[in-house]
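Indexing begins at 1, ligand by ligand and atom by atom, following the structure's order.
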Amino acid sequence: MATALKKTKSVWFCSNCGNEYPKWMGRCPACGEWNTMVEKEVVTGKAAPAAAVSVPGGGRKPQRLTEVTSSQEDRLSLGSAEVDRLLGGGIVKGSLVLMGGEPGIGKSTLSLQIPLKRPELKTLYVTGEESVKQVKMRADRLGGDASNCFIYSETQMDDIVREIQEIAPDLVIVDSVQTMYCSHVESTSGSVSQIKEVAATLLRVAKETGIPIILIGHITKEGAIAGPKILEHIVDVVLQFEGENRGAYRVLRSIKNRFGSTSELAVFEMTGTGLREVANPSELLIPQHEDGLSGTAVSAMLDGNRPFMFEVQSLVSSAVYGTAQRSATGFDVRRLNMLLAVLERRAGFKLSQKDVFLNMAGGLRITDPACDLAVVVAVLSSNFDYPIPGDVCFAGEVGLSGEIRPVSQAERRASEGARLGFKRIFVSSYTHFDRKPQGIEVVKVADIPALVRNLFK
Ligand code: TYD
Ligand code: MG
């Protein structure tokens, strides 16, 4: 090795987006975040680490696109219908999947459940966080068939790559990217350069060997230093675990997927024996209380391709001190403020002196604009202490002039409502249905005043 030519220099990485800069800056020009620069020594010159962990089976040649056989991607089922669906029908061979989430949310549990549920797959589970004994105890707790699962407690990438080649498993799980290190990179594990190099090495291994790899990464709420965010452009698929730590429900979302659609979502429940998939989230997210409670409304929402219903809760009360409080869990508080302003200016509801609290059922984080209508209804229902009948649901976006706008795939939302026993769905007047939804009455409203006339009689 031409060690003499090896030089190091300092570069600065943004820990939020992973962009690299030659000097420190207070604000990252790429993503606009403040105070995210971290300094790293990188090796330059002829001994750059590109070939540090070599993967045999390379030496490929460029091919004509027409010579490439375009069979369907080869996919493996991971033993969970929900995870398979999220991935677009199973994990693609040779792909690198990043599973991110806060500590304690269930990443290790979910990934250990895969080999236990799919003993047909020879799986190598590399753990850098827990000892082999701890993993064994967890596996005992989860149950299932552990006969084809290899546990390997190691953090050094060269050894890990060697074992992958030796064992030739069907699936590799690496827990977690923050604990692994490449010996040729001179910084501690968990640093930006190590994380990037570890991921790049695993990507190379996955592509060369055709073995799919699941890489686990911790994210903290603040998007802390060297978060897996910087990996998002390296890996093929990014799955993110979300959920209130206190609640039992967890949501796994696909944020990026080179082999399927994004914004898909799967719901799991953490039980005493691992994560149980909730195939039909509506059943858990809609009211379990009697009719007659004010401040709740059911929204018909869509995640990726699947419609489901969930409850929006609101509490409106007189502000004790001068400034009213606005708080929203699982919903953008700025959007809430906008909706309250629309209610005040366009429909004359005096809410500026009121505290408004908003909560999405099950600790979900909602970005679907169709939820606006249910938010508005829940707020008004609480404000007037007027309960909304339990068999009514809502799907509409609210515009700045108080108009109610149509939402995508209204038909599917309505049929999901009908399937779950809802009798009426409120949508925008401008909603177009190709086919009239069966078994549910569609109430079309043009704006907030029309909604109020129809609902609060
Ligand atoms: P874990 O998978 O270790 O989280 P991560 O790898 O994302 O850090 O999950 C840890 C939490 O899950 C812990 O608080 C205990 C809980 N848990 C259960 O409730 N039931 C179980 O069967 C298991 C294995 C864990
Ligand atoms: Mg873990």
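For ligand 1, the polar-atom distance check against L142 finds no nitrogen or oxygen pair separated by under 3.5 Å. Checked against a 3.5 angstrom limit, the closest N/O atoms of L110 and ligand 1 fall outside it.
The aromatic rings of F241 and F268 sit tilted relative to each other, their planes meeting at an angle between 30° and 60°.
One N or O on the side chain of T123 and one on the backbone of L121 form a donor-acceptor pair closer than 3.5 Å. A donor-acceptor pair under 3.5 Å is absent between the side-chain atoms of Q409 and the main chain of L302, judged by distance alone. At distances below 3.5 Å, not a single donor-acceptor pair connects side-chain atoms of K196 with backbone N or O atoms of I234.
The shortest heavy-atom distance from T271 to ligand 1 is under 4.0 Å. In this structure, G101 does not count as a contact residue of ligand 1, since none of its heavy atoms falls inside 4.0 Å of the ligand.
Residue contact check: R138 has heavy atoms under 4.0 Å from atoms 1 (P), 2 (O), 3 (O), 24 (C) of ligand 1. Close approach of ligand 1 to P103 (heavy-atom distance below 4.0 Å) involves ligand atoms 8 (O). Within ligand 1, the atoms closer than 4.0 Å to a non-hydrogen atom of T273 are 22 (O), numbered from 1 in the order shown.
Of the protein's non-hydrogen atoms, the one nearest atom 2 (O) of ligand 1 is T109 OG1, 2.5 Å. Of all protein heavy atoms, the one closest to atom 4 (O) of ligand 1 is G106 N, 3.1 Å. Protein heavy atom at the shortest distance from atom 10 (C) of ligand 1 is G104 O, 3.8 Å. The closest protein non-hydrogen atom to atom 6 (O) of ligand 1 is S108 OG, 2.6 Å.
Residue-level proximity to ligand 1 for M270 is carried by the side chain, the only part with a heavy atom below 4.0 angstrom.
Here the CZ-CD distance, from R365 to Q240, works out to 7.0 Å after rounding to the nearest 0.5 Å. Taking CE of M180 as the start and CD of E197 as the end, the distance is 14.5 Å to the nearest 0.5 Å.
Distance check for atom 23 (C) of ligand 1: a protein heavy atom is found below 4.0 Å.
For the pair C371/M301, no side-chain contact is recorded, criterion being any heavy-atom separation below 4.5 Å from C-beta on. The shortest side-chain heavy-atom distance between T109 and R138 falls under the 4.5 Å cut-off.
When each of I160, V172, T127 is tested with Y152 by the rule side-chain contact (heavy atoms from CB on, under 4.5 Å), just one qualifies, namely I160.
Using modelled atom types and a 3.5 Å distance limit, the side chains of E129 and S176 yield a donor-acceptor pair. With hydrogens and angles left out, the side-chain atoms of S111 and D175 include no donor and acceptor closer than 3.5 Å.
Around the Mg ion (ligand 2), the protein contributes the following N, O or S atoms at distances under 2.8 Å: S108 OG.
The local environment of CE in M25 is crowded, with over 12 non-hydrogen atoms from other residues, nucleotides or ligands closer than 6.0 Å.
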